[in-house]
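One structure is given here, and the rest of the page talks about it.
These values consider heavy atoms only, across backbone and side chains, with no hydrogens, waters or symmetry-generated copies. Every chain is numbered from 1 and lettered A, B, ... according to where its sequence line falls, protein lines coming before strand lines.
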Protein chains: 2
Amino acid sequence: MPRRSQHSKDELRQLALEAVLVIAERDGSQAVSARKVAQEIGYAPGMLYYLFESIDDLILHANARTLASMIRSLRTAVQRKSPQRALLAMARQYLELAQHNGRRWQLLFEHAMRHDAPVPDWYRQQTDALFRLVEEQLAALAPEKKEKEIQLAARAIWSAVHGVCLLAVTGKLEVGGKVPATRLVDSLVRHYLAGWVASA
Amino acid sequence: MPRRSQHSKDELRQLALEAVLVIAERDGSQAVSARKVAQEIGYAPGMLYYLFESIDDLILHANARTLASMIRSLRTAVQRKSPQRALLAMARQYLELAQHNGRRWQLLFEHAMRHDAPVPDWYRQQTDALFRLVEEQLAALAPEKKEKEIQLAARAIWSAVHGVCLLAVTGKLEVGGKVPATRLVDSLVRHYLAGWVASA
DNA sequence: ACCTGAACACCGTTCAAGT
DNA sequence: ACCTGAACACCGTTCAAGT
C-alpha cells in the first residue's frame with residue numbers, strides 16, 4: 001500500500017549494508033537474514049530485492065565494506081618501515097583485525113565459501129588490492145626478482161597468513177602448550193621471507 | 001506409527017553419515033539438510049534426532065570421516081621420503097584432495113566455521129593427528145629443535161598450506177597470470193623450511 | 001524402544017496489488 | 001516508481017502418539 005520514499009535508493013542501500021554488519025556483530029554472522037535486515041531498517045522483506053539481487057549479493061556488498069576498511073588498516077600499518085618489518089606489521093595487523101572484529105571477519109570468510117558461483121569482478125578487484133599491497137613490499141625487498149615471482153610469492157605468503165589467522169580465530173590450533181597466534185604469524189613471515197630472498 | 005527396526009542404531013547412524021556425503025557430493029555442500037538426509041535413507045526427519053544431537057552434530061561426524069580418510073591419504077604420501085620431500089608430498093596431496101574431492105572438502109571447512117560453539121574433543125583429536133604427521137617430519141628434519149619449536153612450526157606451516165589450498169580451491173588467487181596452485185604450495189613449503197632450518 | 005506426523009518458528013524469494 | 005503483504009517452497013527441531 002504505502003509509498004514512503006523517505007530515502008533515496010542509494011540511502012536505502014547504505015542503510016541495509018549497515019544493518020547487515022550491525023546484526024552480524026550483535027547476533028553473530030549466522031543470524032544475518034533478509035528478514036532480519038528488513039526488520040532492522042523498518043521495511044518489508046521483499047523490499048530488499050528491489051535494492052539487491054539476492055541475500056548473497058547483499059552480504060557480498062557488506063563484506064566489501066569490511067574488506068575496504070581492512071585494506072585501509074593494513075596500509076597504515078606499513079608506515080615507513082623496511083619491507084620485512086612492513087610485511088610483518090601487516091600480517092600482525094591482519095591477525096589483530098581477525099581477532100578483534102571476529103564476527104565481521106567471520107561473515108566475510110564464511111560467505112566467501114558459499115555456493116560455487118564465481119565471485120563478481122567488482123569484488124575480486126578489492127581482494128586484488130590487498131595482494132598488491134603485499135607485492136609492493138616484496139618488490140622493494142627483492143628488486144631483482146621478476147614480476148611473476150613477486151606475484152607468486154605475494155599470493156603464497158598472504159594465503160598462508162590468512163590460513164593461520166583463520167585457524168587461530170576458529171580455535172583449531174591450540175594444543176597443550178597454547179601457542180600464541182602472533183608467534184605463528186611471525187614464524188611464518190620471517191622464515192618464508194628468509195628462504196625466499198635467499199633462493200635464486 | 002511404525003516400528004521398523006530393520007537396522008540397528010549404529011547401522012542407521014552409518015547410513016545417515018553416508019547419506020550426508022552423498023548429498024554433499026551430488027547436490028553441493030549447501031544442499032545438505034536434515035530433511036534431505038532423512039529422505040535419502042527413507043525415514044522421517046525427526047528420526048535423526050534419535051541418532052544425533054543436531055544437524056551440526058551429524059555433519060561433524062560425517063566430516064570426521066572425511067578427515068580420517070584424508071589423514072590416511074597423507075600418510076601414504078610420506079612413504080620413505082626424506083623429511084623435506086615428505087612434507088612437500090603431503091602438502092601437494094592435501095591440495096590434490098582439496099581440488100579433487102571439492103565438495104566434501106567444502107563441507108568440512110565450511111562447517112568448521114559455523115557457530116561459535118567449541119569443537120568437541122573427539123573431533124579435535126582427529127585434527128591433532130594431522131598436525132602430528134607434520135611434527136614427525138619436522139622432528140626428523142631438525143632433531144636439534146625443541147619440541148615447542150616443532151609444534152609451533154608444524155602449526156604454522158600446515159595452517160599456511162591449508163590457507164593456500166582454501167583460497168586456491170575457492171578461486172581467489174588467480175590473476176592475469178593464473179598461477180598454478182601447486183607452485184604456490186611448493187614455494188611455501190620450500191622457502192619456509194629453508195628459513196626455519198637455517199634459523200638458530 | 002523405535003519411529004512417525006504434525007506442528008512451531010524460522011528461512012529466501014516472487015509478485016500481484018496498492019499508492 | 002516504490003513498497004507491501006501474502007504466498008510458495010523450503011529449513012531445524014520437538015514431541016505426543018502409535019506400535
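- Distance, A:Y43 OH to D:dA6 P: 19 Å, rounded to whole Å.
- In this structure a side-chain-to-backbone donor-acceptor pair under 3.5 Å is present from B:K81 to B:A77.
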Intra- and interstrand pairs of DNA chain C - dot-bracket, Watson-Crick/G-U under 3.5 Å, | marks other strand: ||.|||||...|||||.||
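- Side chain of A:R155 to main chain of A:Q151: a donor-acceptor pair is present (N/O by atom type, distance under 3.5 Å, no hydrogens or angles).
- Taking atom CD on A:E11 and atom P on D:dC3, their separation rounds to 11 Å, with Å as the unit.
- Annotation for B:L188 and A:A156: closest pair CD1-O, 4.1 Å, computed over non-hydrogen atoms.
- Look at OH on B:Y50: it is 11 Å from P on C:dT4, rounded to the nearest Å.
- Of the listed residues (B:I71, B:N63, B:V119), just one forms a side-chain contact (heavy atoms from CB on, under 4.5 Å) with B:Q126, and that residue is B:I71.
- Taking atom CG of A:L48 as the reference point, atom C1' of C:dG12 lies 11 Å away to the nearest angstrom.
- Atom C1' of nucleotide D:dT4 and atom CG of A:L51 are separated by 14 Å, given to the nearest angstrom.
- We find that CD of B:Q6 is positioned 15 Å from C1' of D:dT19, with the value rounded to whole Å.
- The backbone N or O of A:K146 sits less than 3.5 Å from a side-chain atom of A:E149, completing a donor-acceptor pair.
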Using nucleotides 13-15 of chain D, report all nitrogen or oxygen pairs with the protein that are shorter than 3.5 Å.
{"from": "D:dT13", "atom 1": "OP2", "to": "B:Y49", "atom 2": "OH", "distance (Å)": "2.5"}
{"from": "D:dT13", "atom 1": "OP2", "to": "B:I55", "atom 2": "N", "distance (Å)": "2.8"}
{"from": "D:dT13", "atom 1": "O5'", "to": "B:Y49", "atom 2": "OH", "distance (Å)": "3.2"}

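- Counting non-hydrogen atoms of other residues, nucleotides and ligands closer than 6.0 Å to CD of A:E11 gives a total above 12.
- Rounding to whole angstrom units, CD of residue B:Q30 and P of D:dC11 are separated by 12 Å.
- Between the side chain of A:R26 and the backbone N or O of A:V22 there is no donor-acceptor pair closer than 3.5 Å.
- Among the protein residues, A:L12 comes within range of the sugar-phosphate backbone only, with heavy atoms under 4.0 Å from sugar or phosphate atoms but none that close to a base.
- Between the P atom of C:dC3 and the CG atom of B:L15 lies a distance of 11 Å, rounded to the nearest Å.
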When you look at B:H191 and B:W196, which way does the ring pair (Phe, Tyr, Trp, His ring centres under 6.0 Å) test go after all the steps? CA-CA 8 Å; B:H191 294 142; B:W196 185 67; over 10 Å; no
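- Closest of all the heavy-atom pairs between B:V134 and B:M90 is CG2-CE, 3.9 Å.
- In terms of phosphate contacts, A:K36 brings no side-chain nitrogen or oxygen within less than 4.0 Å of OP1 or OP2 of C:dC10.
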